[in-house]
Amino acid sequence: MAFLDEAYLLETDAARTLYDGIADRPIVDPHTHADVAEIVDNEGWDDIWEAEASTDHYVWALMRNRGIDEELITGDASNREKWNALAAVFPTFAGNPTYEWVHLDLKRRFGIETPISAETADEIWNETKAQLEEPAMRPQPLLREMGVEVVASTDDPTSALEYHERAVDEVSGVDVVPTWRADRALTVDRAAFGDFVADLEDATGIEADEFAGFLEALSASHDYFAKRGCRATDLSVRQPVSRPVDEQRARAVYETALAEEPVTDRDVADFQAFLLEYVGELNAEKGWVTQLHLGPVRNYRDAVYDRVGPAGGGDVSAGDVELTDSLEYLLNRLDGETPIVLYALDPTQYPAIATMARVFPNVSIGPAWWFNDSPFGMEHQLEYAGTVELLYEHAGMVSDSRKLLSYGSRFEMFRRSLANVVGRQVERGQMPMDVARDLVERLAYERPNKLYGF
C-alpha cells in the first residue's frame with residue numbers, strides 16, 4: 001500500500017466497497033471553529049502557511065514538541081520562515097494524524113503528492129502559492145468543491161452574527177449556521193465574568209445587574225441565534241455538575257460574583273448545575289441539540305497561554321472526570337426533551353457515555369474528539385460504541401477544525417475509518433453487505449443531518 005493511495009486505511013475488500021459508496025457524500029459539519037468572516041469575504045490565503053498552519057494549534061503543539069522557537073510558530077517571523085521551520089521537522093510528525101491531514105490537504109486540494117520535508121519546502125511553497133492566487137482556491141468555491149452542505153460555527157452568546165446574516169445572501173450552496181457556545185456564562189469564579197455580563201447587556205439591551213435580568217438576556221440571545229439558523233448549543237466543561245439547584249441559590253452566587261467577592265467551589269458547582277438545566281430547558285423549547293464537551297483542562301501550560309492566549313495549543317486532558325453521578329440528574333431531567341450529544345476527551349470515559357446513550361434514547365455518543373480524532377482513536381471508539389450501544393445511533397463526524405482546508409480531509413479520514421471498522425465486520429461474517437452499506441451511509445451523512453435538523 002502506497003502513502004495515501006486509494007486503499008489508505010482500508011484493510012479489506014469490503015472496506016473499499018463501503019468507502020466507495022460514501023466517499024462523495026455531502027459534508028454536514030455540526031461543530032467547527034470556522035472563521036465566518038473568512039468565508040463571507042472570500043479573499044483566500046496568500047501562502048501555504050496561512051492556509052494550513054496559521055490557526056492550527058495541532059501543528060503548533062507538534063512544532064513546539066520538536067523544539068521550534070515560538071517566534072517561528074506564533075511569533076513575528078515571516079510566513080516563509082515559519083513554513084520552512086515546519087517543513088524541516090514535518091517528517092518527524094509521521095504517525096500523528098496531523099501528518100496525514102496536511103498531506104491529504106495537499107493531495108486533494110492542490111494535487112501535490114510530494115511529501116513535506118526540508119528538501120521539498122521550496123517546491124511546495126511555490127506551487128501552492130501560485131495555485132492560491134486562482135479564484136477556485138478561495139473559501140467559498142473550496143467549500144463547494146469539498147461537498148460541504150452545512151458549516152456550524154462556534155459563537156459566543158454576545159455575538160451579533162453579522163457575518164452569518166451576510167452569508168445568507170453572499171454564500172451560495174453552503175449553509176453557514178451559528179452554534180450558541182455559552183462557556184463564559186459559567187465562569188463565575190473568574191475575574192472576567194463581569195466582562196461577560198457587560199457584553200451580554202450590550203448585545204441584548206437587557207440590564208443584568210440582577211439575576212433575573214441575566215437569565216432574560218441569555219434567553220434573548222438564544223432567541224436571536226434561533227432566528228439566524230442556530231440548531232445547537234455547546235458547553236465545554238472539565239467536570240460537569242448536575243443536581244437540583246433553586247433559583248434563589250443561583251442568584252446568591254451570581255450576586256457574589258458580580259460584587260467581585262470570592263466564590264467557593266460549591267458556589268461554582270451549584271451555579272453550573274443551575275445553568276446547565278436552564279440551557280437544557282431553552283434547548284428543549286426549540287428542539288435544539290445540547291452538546292457537552294467533557295474533560296478538557298484549558299491553558300495548562302502557562303508559557304503558551306501568557307504568550308499566545310486561549311486556543312494556543314497548551315491544553316491537556318483531565319484523567320479524573322466523573323460522569324455517571326455528575327450527569328445523572330441532568331440526563332433524567334432532560335429525558336426525551338432535547339437531543340444530547342456527549343463528547344469525552346478521555347477514552348476511558350467511553351464506557352460511561354456509551355452506557356448513558358444505551359439507556360437514554362435522546363443521548364448520542366459524539367465523535368472521537370480532539371486528541372482522539374485519529375484513525376486509531378476513531379476506530380477504537382466506533383468499535384466500542386457499536387458493541388455497547390448502537391453504532392446506528394452514533395452522532396457521526398464533526399471536523400472541530402479551525403482551518404477550512406481540512407474539512408474535507410478530516411471527513412475523509414473518518415469515512416475511511418468507519419468503512420474499515422464496518423468492513424472488518426462484514427469480512428468476519430458479523431453482518432451482510434447490504435446492512436453494512438446502510439449503516440455507513442447513515443453515519444456518513446444521514447444521521448448528523450437529521451439529528452441537528454439541517
Side-chain angles (χ1 to χ4, degrees), residues 32-39 41 43-106 109-110 112 114-133 137-139 154 190-192 296-317 370-371 373-374 399-407 409-410:
T32 78
H33 295 273
D35 182 342
V36 180
E38 176 182 76
I39 295 172
D41 290 339
E43 294 177 354
W45 309 272
D46 291 332
D47 54 63
I48 191 62
W49 173 269
E50 183 183 356
E52 279 290 348
S54 64
T55 61
D56 191 341
H57 60 74
Y58 287 77
V59 170
W60 301 349
L62 295 182
M63 292 179 73
R64 293 182 191 121
N65 189 269
R66 293 294 297 118
I68 303 299
D69 189 271
E70 195 67 32
E71 194 70 8
L72 292 163
I73 303 173
T74 61
D76 293 330
S78 69
N79 284 1
R80 183 61 183 271
E81 291 171 318
K82 292 176 179 178
W83 168 253
N84 287 345
L86 173 60
V89 298
F90 208 79
T92 68
F93 291 6
N96 185 284
T98 300
Y99 185 81
E100 296 160 49
W101 285 326
V102 176
H103 278 118
L104 276 172
D105 291 347
L106 289 179
R109 308 280 80 82
F110 296 93
I112 295 173
T114 305
I116 302 168
S117 68
E119 291 73 27
T120 63
D122 290 348
E123 172 190 345
I124 294 172
W125 174 273
N126 292 330
E127 175 58 28
T128 54
K129 192 166 181 60
Q131 290 194 41
L132 286 169
E133 295 177 358
M137 295 301 289
R138 293 177 181 173
T154 303
R190 299 180 189 173
V297 182
R298 307 286 182 178
N299 309 313
Y300 188 76
R301 187 180 176 198
D302 293 342
V304 171
Y305 179 73
D306 291 343
R307 177 158 181 169
V308 183
D315 307 325
V316 301
S317 174
W370 201 340
F371 305 122
D373 56 0
S374 63
S399 75
D400 195 27
S401 181
R402 283 176 165 77
K403 61 183 182 187
L404 185 147
L405 280 177
S406 278
Y407 294 166
S409 300
R410 294 197 178 192

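In this structure, OG on Ser409 lies 10.5 Å from CD on Glu100, to the nearest 0.5 angstrom. Going from atom CG of Asp69 over to atom CZ of Arg64 covers 11.0 Å, rounded to the nearest 0.5 Å. The OH atom of Tyr99 lies 13.0 Å from the CG atom of Leu62; values are rounded to the nearest 0.5 Å. Atom OG1 of residue Thr128 and atom CG of residue Asn126 lie 7.5 Å apart, to the nearest 0.5 angstrom. Atoms NE2 and NZ, on His33 and Lys403 in that order, are 14.0 Å from each other to the nearest 0.5 Å. Once rounded to the nearest 0.5 Å, the distance linking CH2 of Trp49 with OG of Ser54 reads 8.0 Å.
Not one N or O on the side chain of Asp41 forms a donor-acceptor pair closer than 3.5 Å with the backbone of Glu43. Side chain of Arg410 to backbone of Ser399: a donor-acceptor contact under 3.5 angstrom is found.
Inter-residue side-chain proximity for Trp60 and Val308 is flagged as met; some heavy-atom pair is nearer than 4.5 Å. Taking the side chain as every heavy atom from C-beta outward, Trp101 and Glu52 never approach each other to under 4.5 Å. A 4.5 Å side-chain heavy-atom check between Arg402 and Tyr58 finds every atom pair outside the cut-off.
Counted by atom type alone, Ser78 and Glu81 present one or more donor-acceptor pairs between their side chains at under 3.5 Å.
Across every non-hydrogen atom of Arg109 and Leu405, the tightest pair is CG-CD2, 3.9 Å. For the pair Ala87 and Pro91, the tightest heavy-atom approach, listed with the atom from each and the gap, is O-CD, 3.5 Å. Taking all atoms of both residues into account, the shortest heavy-atom contact from Pro115 to Ile124 is O-CD1, 4.1 Å. Shown here for Leu72 and Lys82, the closest heavy-atom pair between the two residues is O-CG, 3.2 Å. Residues Leu86 and Ala53 share a closest heavy-atom pair of CD2-CB, 4.3 Å. Considering all non-hydrogen atoms of both residues, Pro139 and Leu404 come closest at CB-CD1, 3.8 Å.
For Arg307, the CZ atom counts as densely surrounded, since its 6.0 Å shell holds more than 12 non-hydrogen atoms of other residues, nucleotides or ligands. By the 6.0 Å contact criterion, OH on Tyr305 is open, its count of non-hydrogen atoms from other residues, nucleotides or ligands being 12 or less.
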List the steps and the verdict of side chain to side chain contact (heavy atoms under 4.5 Å, CB included) for Phe110 and Leu132.
CA-CA 9 Å; Phe110 296 93; Leu132 286 169; 3.9 Å; yes
Assess the residue pair Ile68 and Val89 against the criterion (side chain to side chain contact (heavy atoms under 4.5 Å, CB included)); give the C-alpha distance rounded to whole Å, side-chain angles, the decisive distance to 0.1 Å, and a yes or no.
CA-CA 9 Å; Ile68 303 299; Val89 298; 3.9 Å; yes
Just do the side chain to side chain contact (heavy atoms under 4.5 Å, CB included) check on Asn65 and Phe93 with the steps written out, would you?
CA-CA 10 Å; Asn65 189 269; Phe93 291 6; over 6 Å; no
Which is it for Leu106 and Ile48 under the side chain to side chain contact (heavy atoms under 4.5 Å, CB included) test, yes or no, and what are the steps along the way?
CA-CA 9 Å; Leu106 289 179; Ile48 191 62; 4.0 Å; yes
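Of the listed residues (Asp105, Thr32, Asp56), just one forms a side chain to side chain donor-acceptor pair (under 3.5 Å) with Ser406, and that residue is Asp105.
With respect to Arg80 and Asp122, a salt bridge is recorded, a charged nitrogen being found less than 4.0 Å from a carboxylate O.
Residues satisfying the side chain to side chain donor-acceptor pair (under 3.5 Å) test with Gln131, not counting sequence neighbours, are Glu127. Scanning for side chain to side chain donor-acceptor pair (under 3.5 Å) contacts around Asp315 gives an empty result, with sequence neighbours left out. Under the side chain to side chain donor-acceptor pair (under 3.5 Å) criterion, Trp45 pairs with Glu38, sequence neighbours left out.
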